[in-house]
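Quick note: numbers below take in every heavy atom, side chains included, and nothing from hydrogens, waters or symmetry partners. In the text below, chain A, chain B and the rest are named by the order of the sequence lines, each starting its count at 1.
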Amino acid sequence: MGGARTALFNWLLARREGGTFVLRIEDTDRERSSDDMVEAILDGIRWLGLDWDEGPYFQGEGAERHRSDALRLLFEGKAFRDFVSADELAAIRAEDPDRALRYPRERAELLGSTESDARAANGEPFAIRFLVPPGETAWEDRVYGSVRFRNEEIEDLVILRSDGTPTYNLAVVSDDAAMQITHVLRGEDHVSNTPKQILLHEALGNQVPDFGHLPMILGPDGKRLSKRHGATALGEYQGKGILPVAMVNFLALLGWSPGTDEEVLTVPGLVERFSLERVLRKSSVFDSTKLEWLNGRHLAVMPADELMLLVMEQLPAELRDEAEHRDRSDPGWVVRLIDLLKVRARTVGEIGEQATPFLRDALSYDPAAVAKHWGKDPTGAIAHLRALREALAPTEWTEESLETGLRGLAESLGVGAGKLIHPLRVALTGQAASPGIFEVMVLLGADATLSRIDLAIQIVKGLETNVLDTPLQRGLP
RNA sequence: GCCCCCAUCGUCUAGCGGCCUAGGACACCACCCUCUCAAGGUGGCGGCACGGGUUCGAAUCCCGUUGGGGGUGCCA
C-alpha cells in the first residue's frame, strides 16, 4: 500500500508538472525478488491507472555499469577494499556501534594500499566501501524542507559486495544518473539513505536530483502497515470491488490534501490540484471504512453500463450466466438492475450480493425478515399476498400503475401500504431490505413476481399451521 | 545506545500570530424524508499531548518533557 501511494504521488507530480514518469524495479536483492512479485507490482500500478512513460527498467540489468562505477571510485581513492568479514563487523557493532562505524576504514588504513593490492591479487574476497568524506551533507527536501546530516555519522557504506554484486545505494545512484532522473519521491524510510546517495553522486560527478520524502502509512493500531492488519495489498481491494479511482482518491488524501473541503475527487481533479508543497510530514492511518465510503461515492456517480463488466466479474458463474441470459432477451436489463443497486452499495462486491435475488428464482429467505413480516401474523400475510396477487395480475406492468394498484388495494382493505409492501418484499426478494418495491416488480417482470407471490403463500401457510416450524427446516426453498 | 522526523476530534484533515468560543470529512447518535435499505437533509457527540517562555495577543513562534514514527545491514 505504501508503494502504491508512492507510485501515485510520483505519477501525480509527473502529470501535474509535465514530467516523465519512469518505472524502475529495484531488484538488486538477488534472493528477495521474484517474477511473481514484479508482476504483482506491475498489476497494481496498472490497476490504479498509473501509466508510465518509460520502463519498466530492472535494476539488476545495470549490474555491469554499477560495478564499473564502484571500481572507478576505488581507483580514484574515493572507496576502499574491505577485507573485514560481515560477521566480524556485526559482532563489533553489537558491542560498540560507534566503533563499528569507522572500523573497516581503520582496518584498511592499517593494511595499507600495497598490502591491500597484494591480498586482492591473491584472490582474497573483499567488499568495496565508499569512503565518506568529512563535512556535512544537506539538501532541500521537496517535502521536509532543508535537511542536513553530519558526515561523521554516516558509515562507509558497502557499494560492491564481496560476491561482486552492487548494493542498492550504488545502483540507485548509478541508475538515476544514467536515466537522467530529476526527481526522486520515495518513502520517509529513505531519508537516511539520501545523504549517502548525494555523496555518491558528487563523488561520481553526477548531477544530484531533487529529493522528496513521503510519510509512512500506518495500520489502525498506529504501527507500520503490515500483513497483520488484514487487507494491505491492492489486489485484495480489487477483489472486493473497490474502484481504482476510489483507491487513487483515498491514497491521495493520505498525507496530502487540496487545502479545501473537497474530498471526492476524480483523477484529473487530483492532477490539477496536486502539489508537493501540501504534502504532510506526518504519517497517517489507513482507514478502510473511509475508503469504502469514498468508493460508494464514486460508485454512485459512475454510469451503470461502465460498472457492468465489474459487477459481472463479482458474480458466481451460475448467476453471471443468468444475468447474460436475461440481458440478451431484454437488452439493458442488467444495467437497470445495477442502477437500482449501486446507490445502496459501497463496493462492486456488494452490488453482486444484492443482485442475487434478481438472478436466482430459488430465494434464500432471511429468517429475521420472515419472522417479522410473515411470522407475526401468517393469516394476515396470506390474505394480503392473495389480495395483491389478484389485484396486480391484470395490471399494466409499470411502476406507476403497480403503485396505483397497490395503494388502491391498501385503501380498500383499510390498511397502510406498508402492510402490503413488507410481506411482498420478503416474497419477492427474501429480504427485509431492497430497492423500491415497484422498481423491484418491474425489473422482475410479471411472471416472476406472481410466481414468487404464489410460492410465498405456500410457505406462509406452513408457518400458519406450525409457527415454530421454519420453512428452511422443512426443506422449502 | 546514537541520529533524524512528527504531534489539531477515535480516524483523514483545514489552520501557516489576531478572521478560532478551532472549520470540514469518515465513523457514531438523534431527527427529517420515506414502502424497507441506502442516498440526501438537519442537528449532536468529540480535538489543539503536557510544561515553560516570546508577544498587547498563540493551535499557529522558541525551549523542554512525554508519546509516536523512521534510520542505524555485504536489505531495499
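To the nearest whole angstrom, the two C1' atoms, one in B:rU54 and one in B:rG18, are 16 Å apart. The same atom, P, is picked in B:rC48 and in B:rA7; the two are 16 Å apart, to the nearest Å. The same atom, C1', is picked in B:rU21 and in B:rC26; the two are 25 Å apart, to the nearest Å. B:rA49 and B:rU11: their P atoms are spaced 12 Å apart (whole Å). Rounded to whole Å, the P atom of B:rC50 lies 11 Å from the corresponding atom of B:rA59. B:rU8 and B:rU13 have their C1' atoms separated by 9 Å, given to the nearest Å. Across the C1' atoms, B:rU65 and B:rC29 are found 38 Å apart, a figure rounded to whole Å. Taking atom C1' in both B:rU55 and B:rC63, one finds a spacing of 16 Å when rounded to whole Å.
Whole-Å rounding puts the A:Arg161 CZ to B:rC75 C1' distance at 8 Å. In this structure, A:Leu291 places its CG atom 12 Å from P of B:rA27, rounding to the nearest Å. For the pair A:Asp87 CG and B:rG73 P, the computed distance is 14 Å after rounding to whole Å. Rounded to whole angstrom, the span from the CD atom of A:Glu155 across to the P atom of B:rC2 amounts to 18 Å. At whole-Å resolution of the value, CZ in A:Arg150 and P in B:rC2 are 13 Å apart. Atom CD in A:Glu262 sits about 16 Å away from atom P in B:rG24, given to the nearest Å. Between A:Asp141 atom CG and B:rC6 atom C1' the separation is 14 Å, expressed in whole Å. Counting to the nearest Å, the C1' atom of B:rG71 and the OH atom of A:Tyr168 are 13 Å from each other.
At least one side-chain nitrogen or oxygen of A:Arg93 sits closer than 4.0 Å to the OP1 or OP2 atom of B:rG73. A sub-4.0 Å separation between OP1 or OP2 of B:rC74 and a side-chain N or O of A:Thr167 is absent. Not one side-chain nitrogen or oxygen of A:Arg129 sits closer than 4.0 Å to the OP1 or OP2 atom of B:rG73. When the side-chain nitrogen and oxygen atoms of A:Arg281 are compared with OP1 and OP2 of B:rG68, none of them lie within a distance under 4.0 Å.
Annotation: of the two residues near RNA chain B, A:Gln59 and A:Arg148, the 5′-most nearest-nucleotide partner is A:Arg148. Nearest-nucleotide positions on RNA chain B for A:Val147 and A:Leu160 put A:Val147 closer to the 5' end.
Nucleotide B:rG46: unpaired (no Watson-Crick or G-U wobble partner with both distances less than 3.5 Å). With a cut-off of 3.5 Å on both Watson-Crick or G-U wobble distances, the partner of B:rA27 is given as none. Partner assigned to B:rU60 is none, using Watson-Crick or G-U wobble distances below 3.5 angstrom. Figure legend. B:rG67 is base-paired to B:rC6; pairs are counted as Watson-Crick or G-U wobble with both atom distances under 3.5 Å.
Taking the salt bridge (charged side-chain N to carboxylate O under 4.0 Å, His left out) definition, one finds that A:Arg93 meets it with A:Glu155, sequence neighbours left out. The side-chain hydrogen bond (donor to acceptor under 3.5 Å, both in side chains) search around A:Gln314 returns none, not counting sequence neighbours. Residues that satisfy the side-chain hydrogen bond (donor to acceptor under 3.5 Å, both in side chains) test with A:Trp11, not counting sequence neighbours, are A:Asp51. For the salt bridge (charged side-chain N to carboxylate O under 4.0 Å, His left out) test, no residue two or more places apart in sequence or in another chain qualifies with A:Asp305. Looking at residues two or more places apart in sequence or on another chain, you find a ring pair (Phe, Tyr, Trp, His ring centres under 6.0 Å) between A:Tyr168 and A:His190. Residues passing the ring pair (Phe, Tyr, Trp, His ring centres under 6.0 Å) test with A:His422 are A:His373, sequence neighbours excluded. A search for salt bridge (charged side-chain N to carboxylate O under 4.0 Å, His left out) contacts involving A:Asp189 returns A:Arg224, not counting sequence neighbours. Residues that satisfy the salt bridge (charged side-chain N to carboxylate O under 4.0 Å, His left out) test with A:Glu263, not counting sequence neighbours, are A:Lys290. Here A:Phe126 pairs with A:Phe83 under the ring pair (Phe, Tyr, Trp, His ring centres under 6.0 Å) rule; sequence neighbours left out.
Across all strands shown, A:Val426 has no heavy atoms under 4.0 Å from either base or sugar-phosphate atoms. Within the nucleic acid shown, A:His190 comes within 4.0 Å of at least one base atom, counting heavy atoms only. When heavy atoms are screened at a 4.0 angstrom cut-off, A:Tyr144 is found touching the sugar-phosphate backbone but no base atom. If you check every strand for non-hydrogen atoms under 4.0 Å, A:Arg278 touches sugar and phosphate atoms only.
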I'd like a table of atom pairs between the protein and nucleotides 29-32 of chain B - only N or O on both sides, under 3.5 Å - with the distance next to each one.
none

Tabulate protein N/O versus nucleotide N/O from nucleotides 7-12 of chain B, keeping only pairs under 3.5 Å, one per line.
residue	atom	partner	partner atom	Å
B:rU8	OP2	A:Lys282	NZ	2.4
B:rC12	OP1	A:Val285	N	2.8
B:rC12	O2'	A:Leu253	O	3.1

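Cation-pi check for A:Arg281 over A:Tyr144 is met; the charged atom lies under 6.0 angstrom from the ring centroid and within 45 degrees of its normal.
Ring pair A:Phe211/A:Trp139 is perpendicular by interplanar angle, where above 60° counts as perpendicular and below 30° as parallel.
Taking a cutoff of 4.0 Å between a charged side-chain nitrogen and a carboxylate oxygen, A:Glu106 and A:Arg99 do not qualify as a salt bridge. Here A:Arg107 does not pair with A:Asp82 in a salt bridge; the nearest charged N to carboxylate O distance is not below 4.0 Å.
Here the side chains of A:Thr137 and A:Arg148 are not in contact, with every heavy-atom distance at 4.5 Å or above.
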(message) Strictly under 4.0 angstrom, non-hydrogen atoms only: write out the protein contact profile of nucleotides 34-41 of chain B, one letter per nucleotide from the 5' end, B, S or -.
(response) -BBBBSS-
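A donor N or O paired with an acceptor N or O is found under 3.5 Å between the base of B:rA76 and the side-chain atoms of A:Asn193.
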